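What follows is a short report on a single structure.
The structure presented is a predicted model; accordingly, all values stated were derived computationally and were not measured.
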Amino acid sequence: MSFDVFFQRLAHGDAVPGGGELMRQVLDPFVVREEPEHSYLLVEYGDGSAVVYLDGDGMMANHITGQKPWELLVEGARAARWVIMPVGCPTCLTDEAQRIHLPEGLNEAVALVATGADLLRVIRSC
């Protein structure tokens, strides 16, 4: 799926720094190619792969194939305390407590996702 999915930590309606090192720890065992100068990672997990652009404060993933990489992305978002923002879809939370931190506009359509299957279901419904 050549769909852009953004990940960011939010507090009090604003983006806040942090979380990249926690996401990296989750992804690290599955990185098969890396271009640090572009913050690029190719991650292969289970039945698929994802292209990831990761920095210390956020991430964009695209070209996600298969089912299993979605599990890894949700696991990493939970660890980093990041909100998941698939373009054109509801904002996805991994913890209900994140809801109060959403800025206006991102809080109108929201889904709670516990698994990669949940996230994929939200994206497929858009």
Side-chain angles (χ1 to χ4, degrees):
M1 184 176 299
S2 184
F3 188 81
D4 293 338
V5 183
F6 293 89
F7 299 74
Q8 181 77 53
R9 187 180 289 176
L10 301 171
H12 311 291
D14 290 314
V16 294
E21 67 286 345
L22 297 168
M23 176 61 88
R24 180 64 195 236
Q25 288 174 11
V26 171
L27 298 178
D28 232 10
F30 309 101
V31 172
V32 296
R33 188 167 141 219
E34 182 172 0
E35 295 175 15
E37 66 277 9
H38 298 111
S39 302
Y40 169 92
L41 304 171
L42 176 60
V43 176
E44 292 182 352
Y45 182 62
D47 64 344
S49 63
V51 170
V52 172
Y53 297 90
L54 174 65
D55 67 29
D57 301 326
M59 183 175 86
M60 182 189 71
N62 60 21
H63 300 285
I64 306 163
T65 62
Q67 303 277 329
K68 295 297 280 181
W70 295 100
E71 296 295 334
L72 197 60
L73 295 174
V74 170
E75 179 185 337
R78 186 178 302 106
R81 297 188 339 248
W82 283 348
V83 171
I84 305 167
M85 298 167 284
V87 173
C89 295
T91 302
C92 297
L93 312 177
T94 59
D95 182 332
E96 184 61 39
Q98 293 170 312
R99 187 180 297 266
I100 63 170
H101 295 288
L102 295 175
E104 193 172 316
L106 287 183
N107 61 355
E108 294 168 8
V110 177
L112 185 63
V113 296
T115 67
D118 292 342
L119 177 57
L120 197 49
R121 206 170 7 265
V122 169
I123 290 170
R124 287 182 173 157
S125 72
C126 297

Task: ILVMFWY clustering at 4.5 Å (side-chain atoms), partners of Leu22 - done: none
TODO: Check Ala61 against Phe7 and note the closest heavy-atom contact, atom names and distance.
DONE: CB-CE1, 4.1 Å
Task: side chain to side chain contact (heavy atoms under 4.5 Å, CB included) between Met23 and Leu41, intermediate numbers included - done: CA-CA 12 Å; Met23 176 61 88; Leu41 304 171; over 6 Å; no
Open item on the list: Restricting to non-hydrogen atoms, name the atom on Gly19 and the atom on Ala80 that form the minimum distance, rounded to 0.1 Å.
Closed with: O-CB, 3.3 Å
Open item on the list: Suppose we screen for side-chain hydrogen bond (donor to acceptor under 3.5 Å, both in side chains). Which residues come up paired with Thr91, at least two apart in sequence or across chains?
Closed with: none
- [ ] Could you name each residue pair satisfying disulfide (SG to SG under 2.5 Å) that touches residues 18-47, not counting sequence neighbours?
- [x] none
- [ ] Using a 4.5 Å cut-off on heavy atoms from C-beta on, say whether the side chain of Leu73 contacts that of Ile84.
- [x] no
Task: disulfide (SG to SG under 2.5 Å): pairs with one or both residues in residues 3-104, sequence neighbours excluded - done: Cys89-Cys126
Open item on the list: Listing request: all disulfide (SG to SG under 2.5 Å) pairs with a residue in residues 25-86, at least two apart in sequence or in separate chains.
Closed with: none
Task: Stepwise salt bridge (charged side-chain N to carboxylate O under 4.0 Å, His left out) check, Glu96 with Arg99 - done: CA-CA 6 Å; Glu96 184 61 39; Arg99 187 180 297 266; 2.4 Å; yes
Task: Partner set under side-chain contact (heavy atoms from CB on, under 4.5 Å) for Ala11, not counting sequence neighbours - done: Val16, His101
Task: Taking every non-hydrogen atom, the tightest pair across Pro90 and Pro86 - done: O-CD, 3.5 Å
Task: Any pair counted as side-chain hydrogen bond (donor to acceptor under 3.5 Å, both in side chains), so long as it reaches residues 102-114, sequence neighbours left out - done: none
TODO: For Asp95, enumerate each residue passing the side-chain contact (heavy atoms from CB on, under 4.5 Å) test, keeping only those at least two apart in sequence or located in another chain.
DONE: Ala97, Gln98
TODO: Check which hydrophobic residues are tied to Leu10 through side-chain heavy-atom contacts below 4.5 Å, counting indirect links as well, and list them.
DONE: Phe6, Val32, Tyr40, Leu42, Val51, Tyr53, Met60, Val83, Met85, Val87, Leu93, Leu102, Leu106, Val110, Leu112
TODO: Check the hydrophobic clustering (I, L, V, M, F, W, Y; side-chain heavy atoms under 4.5 Å; chains of links allowed) and say if Phe3 and Val43 are grouped together.
DONE: yes
TODO: Give, for atom NZ of Lys68 and atom CZ of Phe30, the distance between the pair rounded to the nearest 0.5 Å.
DONE: 9.0 Å
Task: Contact list for residues 43-59, test salt bridge (Lys or Arg N to Asp or Glu O under 4.0 Å), sequence neighbours left out - done: none
Task: Sequence-distant partners of Ser39, side-chain contact (heavy atoms from CB on, under 4.5 Å), two or more places apart - done: none
- [ ] Report yes if some heavy atom in the side chain of Asp118 is under 4.5 Å from a heavy atom in the side chain of Val74; otherwise report no.
- [x] no
TODO: Quick one: which residue pairs count as a side-chain hydrogen bond (donor to acceptor under 3.5 Å, both in side chains) with a foot in residues 6-27, not counting sequence neighbours?
DONE: Arg24-Asp28, Arg24-Glu34
Open item on the list: Against Ile64, only a single residue in Leu119, Ile123, Val5 fulfils side chain to side chain contact (heavy atoms under 4.5 Å, CB included); can you say which?
Closed with: Val5
